[in-house]
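Below, read A as the first sequence line, B as the second, and so on, with proteins coming before strands; counting in each chain starts at 1.
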Number of protein chains: 2
Amino acid sequence: MTSTTSRKRRPYATRVPAEERRTQLLDAALRLIVTSGHDAVTMDALAERAGVTKPVIYGQFSGRADLLDALLRREQRAALSQLFALIPAETDMRAGEPARLVTETLDRFLRTVRETPDRWYCIVMPLPDMPSAFHRARDEARDAVLRRAREIAEWGQRRVDGFDPEIAGHTIVTLFEMAARLVLTDPERYRPERFVGSLRAAIGLVTPRVGL
Amino acid sequence: MTSTTSRKRRPYATRVPAEERRTQLLDAALRLIVTSGHDAVTMDALAERAGVTKPVIYGQFSGRADLLDALLRREQRAALSQLFALIPAETDMRAGEPARLVTETLDRFLRTVRETPDRWYCIVMPLPDMPSAFHRARDEARDAVLRRAREIAEWGQRRVDGFDPEIAGHTIVTLFEMAARLVLTDPERYRPERFVGSLRAAIGLVTPRVGL
DNA sequence: GTATATTACTACTCCACGGTAGCATTTGAC
DNA sequence: GTCAAATGCTACCGTGGAGTAGTAATATAC
């Protein structure tokens with residue numbers, strides 16, 4: 001009964017070309033990370049989620065670390081592409097208002113986050129068991145974004161005394177991440193316009209009633 | 001040569017009472033987490049760092065999870081005690097200005113962070129391999145802090161149109177965490193007064209030159 | 001229809017690490 | 001000085017999970 005001759009063999013997964021299989025495996029890994037954290041991505045769990053067996057994974061990736069690294073690079077590249085597409089070019093900056101630019105960018109950014117939640121989830125959320133490599137990649141991506149944010153802050157500096165563009169750059173990036181996290185956590189409660197409205201109020205696009 | 005009769009036996013660690021040993025082990029674990037992340041805290045690595053062997057750890061804690069949980073609870077309790085000691089009581093709030101209160105609290109908070117870096121490091125920094133339990137505890141602590149921050153924001157609400165106290169509360173907490181992270185990362189470059197100065201500038205404690 | 005190349009599966013190995021049984025050493029009480 | 005209690009150490013076990021050798025199945029070309 002339990003001999004190999006009588007044990008039913010698992011039906012084969014549909015054969016697919018290598019590139020499609022890679023994408024399928026990365027999508028499955030992303031889902032596992034987003035729902036259960038990095039340690040949930042065991043090779044067994046991933047094989048099960050993808051509907052294959054472990055050797056199929058090893059056919060596409062040299063190991064678990066290689067797969068996670070490929071996933072990280074894919075999501076990071078896509079996220080940064082999306083993000084930098086939202087930030088106007090420097091030449092556009094000169095003609096406008098920094099405060100307005102930041103609030104409009106925030107609005108577009110949060111709508112992008114809502115449209116591609118898994119991607120942004122693994123970019124901005126604190127994820128259980130997140131490996132060092134993911135942390136480093138986030139830090140590097142943040143550094144790139146910080147450079148643009150600082151340029152925007154320096155542009156705005158001319159208007160307010162006591163302004164520290166480096167700190168302002170960090171603040172902009174951190175507030176964008178915070179907003180993204182809340183939008184992802186509860187999209188109905190935290191709609192983009194709440195953040196945009198608050199940012200407008202905070203940086204003076206509406207008139208304060210009484211000077212503080 | 002390699003028989004147990006000739007293998008030198010490890011000299012005994014100095015005997016210490018249970019409570020002191022627990023503290024020593026938790027301190028060693030905190031150091032490992034801060035320097036290398038949670039996965040670096042294996043029972044072997046911890047024994048080595050503490051200068052004992054594994055059964056000594058099991059004499060104080062039922063297992064690895066128990067030890068990490070004890071560490072988390074110790075640091076969390078101490079951090080929240082420190083933090084709530086910094087925030088004035090509600091009765092004090094009525095007599096003052098919310099903006100001034102927030103900036104003064106930020107200043108005191110960042111000085112506290114500099115004085116107890118390991119504690120705050122494991123409270124605010126993104127740590128490699130951080131388990132779900134640590135994430136949940138941070139979320140719960142943040143929720144508690146958010147309630148106070150929201151009260152402060154509601155206090156400030158009366159002064160500015162378009163104000164969303166919930167979003168403002170999240171913003172205050174997130175900016176405090178951001179400042180703490182930068183202070184911990186590079187204390188010479190990110191001195192508390194840079195954040196305090198920027199916060200003052202941002203919320204209008206200095207006069208804007210030109211309305212935006 | 002058959003053969004072969006390509007892709008997938010079963011059953012297994014290996015090891016890092018959590019955890020422990022049994023023994024050794026030290027310290028304090030008498 | 002001796003003895004026993006308390007604390008610490010060595011050597012080992014069990015297992016989850018990464019990874020693979022050998023075999024099976026399928027799909028396409030002829």
**Asked** To the nearest Å, how far apart are B/D44 CG and C/dG18 C1'?
**Response** 9 Å
**Prompt:** Separation of B/L25 atom CG from C/dG18 atom P, in whole Å?
**Reply:** 14 Å
**Item:** ring-ring contact (aromatic ring centres under 6.0 Å, His included) contacts touching residues 17-61 of chain A (sequence neighbours left out)
**Value:** A/H38-A/F134
**Asked** Starting at the 5' end of DNA chain C and moving along, which residue's nearest nucleotide shows up first, B/R64 or A/Q60?
**Response** A/Q60
**Prompt:** Please give, in whole Å, the distance from D/dG17 P to A/L32 CG?
**Reply:** 13 Å
**Item:** Rounded distance in Å - CE (A/M43) to P (C/dC12)
**Value:** 21 Å
**Request:** Taking side-chain hydrogen bond (donor to acceptor under 3.5 Å, both in side chains) as the test, write out the residues that go with A/D69, two or more places apart.
**Result:** A/R73
**Request:** Could you note down all residue pairs passing salt bridge (Lys or Arg N to Asp or Glu O under 4.0 Å) where residues 26-36 of chain A supplies at least one of them, sequence neighbours left out?
**Result:** A/D27-A/R74, A/R31-A/D118
**Asked** With sugar-phosphate meaning primed atoms plus P, OP1 and OP2, does B/T53 contact a base, only sugar-phosphate, or nothing at under 4.0 Å between heavy atoms?
**Response** base
**Prompt:** Who passes side-chain hydrogen bond (donor to acceptor under 3.5 Å, both in side chains) against A/E188, sequence neighbours left out?
**Reply:** A/R191
**Prompt:** Between atom CD in B/E19 and atom P in D/dA6, what is the gap in whole Å?
**Reply:** 17 Å
**Item:** Length of the CG-C1' vector between A/L46 and D/dG19, whole Å
**Value:** 14 Å
**Prompt:** Which parts of nucleotides 20-30 of chain D does protein reach within less than 4.0 Å, heavy atoms only, written one letter per nucleotide 5' to 3' as B for base, S for sugar-phosphate only and - for none?
**Reply:** BB--BBBS---
**Asked** So what does B/P17 hit on the nucleic acid, given a heavy-atom distance under 4.0 Å: a base, only sugar-phosphate, or nothing?
**Response** nothing
**Message:** Once you apply a heavy-atom cut-off of 4.0 Å, does B/G63 come out as touching a base, just sugar-phosphate, or nothing?
**Reply:** sugar-phosphate
**Request:** Please report, rounded to the nearest Å, how far the C1' atom of C/dG18 is from the NE2 atom of B/H38.
**Result:** 17 Å
**Asked** Roughly, in whole Å, what's the span from CG in B/L67 to C1' in C/dG19?
**Response** 14 Å
**Item:** Atom pair CE/CE of A/M130 and A/M125 - distance to nearest 0.5 Å
**Value:** 11.5 Å
Check residues 173-186 of chain A and write down every donor-acceptor pair under 3.5 Å in which the side-chain atom is one partner and the other belongs to a residue at least two apart or another chain.
| residue | atom | partner | partner atom | Å |
| --- | --- | --- | --- | --- |
| A/T174 | OG1 | A/H170 | O | 2.8 |
| A/E177 | OE1 | A/R142 | NH2 | 3.4 |
| A/E177 | OE2 | A/R142 | NE | 3.2 |
| A/E177 | OE2 | A/R142 | NH2 | 3.0 |
| A/R181 | NE | A/V124 | O | 2.8 |
| A/T185 | OG1 | A/R181 | O | 2.7 |
| A/D186 | OD1 | A/R189 | N | 3.3 |

**Request:** With the side chain counted from C-beta on, respond yes when B/Q76 and B/E140 share a heavy-atom pair under 4.5 Å apart, and no when they do not.
**Result:** no
